[in-house]
Amino acid sequence: STIYDYMKGLDSQYVLVVGDRGKSSDSIAATKLALALQNDQHISLSLMLESEVSPNINKILIGHPCTNSLIQLSCEEWPYADGQALIKIMGNDLILAGTTDEDVIFAAEVLGNYASYPLFRNNSAVLVLSIPLNTTTERIIRAKSAFEFVCGDQICEPGEKYECNTDCEGTSCFDLCKDKGFINAVC
């Protein structure tokens with residue numbers, strides 16, 4: 001299933017879930033997503049804490065693995081840098097997890113407008129990248145699996161931080177693009 005299909009198939013039986021130790025930004029992100037879905041698809045989703053939700057219900061999990069234990073990703077080995085968030089289907093759940101508070105909120109805004117992004121139609125995992133400049137710049141790229149990373153190319157790709165530590169000590173592909181003057185480039 002793609003992210004687009006998942007979002008299109010939502011109904012009132014799905015719930016938005018923030019962690020028991022979640023931050024207020026997670027609740028803000030959930031609210032922004034809920035409002036977008038209510039406006040566009042006329043669906044009203046409930047917001048619940050992770051300790052209140054049944055394991056059998058379909059969930060949109062919001063936050064970071066360190067603050068929402070239902071997000072089945074490593075808290076200690078979170079591979080993404082500031083300005084990066086992951087939107088990924090895992091089983092019957094959709095994960096919306098970001099590195100910083102702002103990343104979670106920004107990813108929720110992007111997901112709330114999912115029909116506008118063609119990449120959601122073909123992928124079950126994407127990275128949402130926001131780079132603070134004078135103007136708002138956003139990028140969505142297909143999230144790579146660990147086996148797709150090229151270690152030793154001296155380019156630190158999003159998500160490669162723990163998979164290929166030697167590449168991530170140096171320059172990222174976005175730094176290379178920025179140095180060459182390509183502001184809207186995608187690596």
Side-chain angles (χ1 to χ4, degrees), residues 1-7 16 19 23 25-26 28-30 32-33 36 59-68 70-91 93-133 135-151 153-178 182-187:
S1 177
T2 67
I3 294 169
Y4 178 88
D5 293 335
Y6 187 96
M7 295 300 290
L16 299 167
K23 299 179 179 181
S25 57
D26 299 344
I28 292 168
K32 285 181 176 274
L33 181 56
K59 303 169 281 300
I60 298 177
L61 305 170
I62 298 173
H64 187 279
C66 293
T67 61
N68 187 338
L70 294 179
I71 297 175
Q72 297 296 308
L73 300 170
S74 174
C75 167
E76 294 79 25
E77 294 181 8
W78 177 253
Y80 304 105
D82 289 359
Q84 299 176 353
L86 177 68
I87 299 173
K88 181 177 183 175
I89 296 172
M90 290 187 79
D93 299 334
L94 180 77
I95 292 173
L96 188 155
T99 303
T100 67
D101 298 349
E102 294 80 17
D103 299 336
V104 173
I105 293 170
F106 184 70
E109 291 170 350
V110 169
L111 186 59
N113 196 20
Y114 71 93
S116 300
Y117 297 98
L119 202 57
F120 285 141
R121 292 180 186 268
N122 301 317
N123 295 286
S124 61
V126 298
L127 286 173
V128 177
L129 311 172
S130 62
I131 299 171
L133 299 172
T135 60
T136 302
T137 303
E138 61 188 60
R139 292 184 215 150
I140 300 177
I141 61 173
R142 184 181 66 80
K144 291 186 175 183
S145 300
F147 67 87
E148 294 179 287
F149 294 123
V150 178
C151 286
D153 62 0
Q154 298 181 343
I155 298 175
C156 183
E157 298 183 75
E160 194 177 41
K161 186 159 96 177
Y162 293 102
E163 298 294 331
C164 190
N165 196 20
T166 57
D167 288 349
C168 292
E169 292 174 2
T171 305
S172 74
C173 63
F174 296 107
D175 292 335
L176 293 172
C177 291
K178 207 161 69 174
F182 299 106
I183 293 175
N184 291 323
V186 175
C187 299

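The structure presented is a predicted model; accordingly, all values stated were derived computationally and were not measured.
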Heavy atoms only: give me the nearest [X]-[Y] pair and the separation to one decimal.
X     : Y      : result
Asp26 : Val104 : OD1-CG1, 3.9 Å
Tyr6  : Lys59  : OH-O, 3.2 Å
Ile87 : Ile3   : O-CD1, 3.6 Å
Thr2  : Phe120 : CB-O, 3.5 Å
Gln84 : Leu129 : CG-CD2, 3.3 Å
Pro65 : Ile71  : CG-CG2, 4.0 Å

Subject >> Residues that Lys88 engages under salt bridge (Lys or Arg N to Asp or Glu O under 4.0 Å), provided they are two or more places apart >> reply: none
Original post:
Are any non-hydrogen side-chain atoms of Val126 and Val110 less than 4.5 angstrom apart?
Top reply: no
**OP:** Indicate yes or no: at least one non-hydrogen side-chain atom of Leu73 is less than 4.5 angstrom from one of Leu86.
**Re:** yes
Subject >> Side-chain donor/acceptor of Asn123 to backbone N/O of Ala125, under 3.5 Å >> reply: no
**OP:** Spell out, as yes or no, whether a donor-acceptor pair under 3.5 Å connects the side chain of Thr67 to the backbone of Gly19.
**Re:** no
As an exercise, state the distance from [atom1] of [X] to [atom2] of [Y], rounded to the nearest 0.5 Å.
X     : Y      : atom1 : atom2 : result
Asp5  : Asn122 : CG    : CG    : 9.5 Å
Asp93 : Leu61  : CG    : CG    : 5.0 Å
Ile60 : Ile95  : CD1   : CD1   : 11.5 Å

Original post:
Of all residues at least two apart in sequence or in a different chain, which pass the side chain to side chain donor-acceptor pair (under 3.5 Å) check with Asp82?
Top reply: none
**OP:** Return each pair, listed once, that meets salt bridge (Lys or Arg N to Asp or Glu O under 4.0 Å) where at least one residue sits in residues 98-126; pairs must be two or more places apart or across chains.
**Re:** Lys23-Asp101, Lys32-Glu109
Residues in side chain to side chain contact (heavy atoms under 4.5 Å, CB included) with [X], at least two apart?
X      : result
Ser124 : Ile89
Gln72  : Met90
Asn113 : Ser116, Tyr117

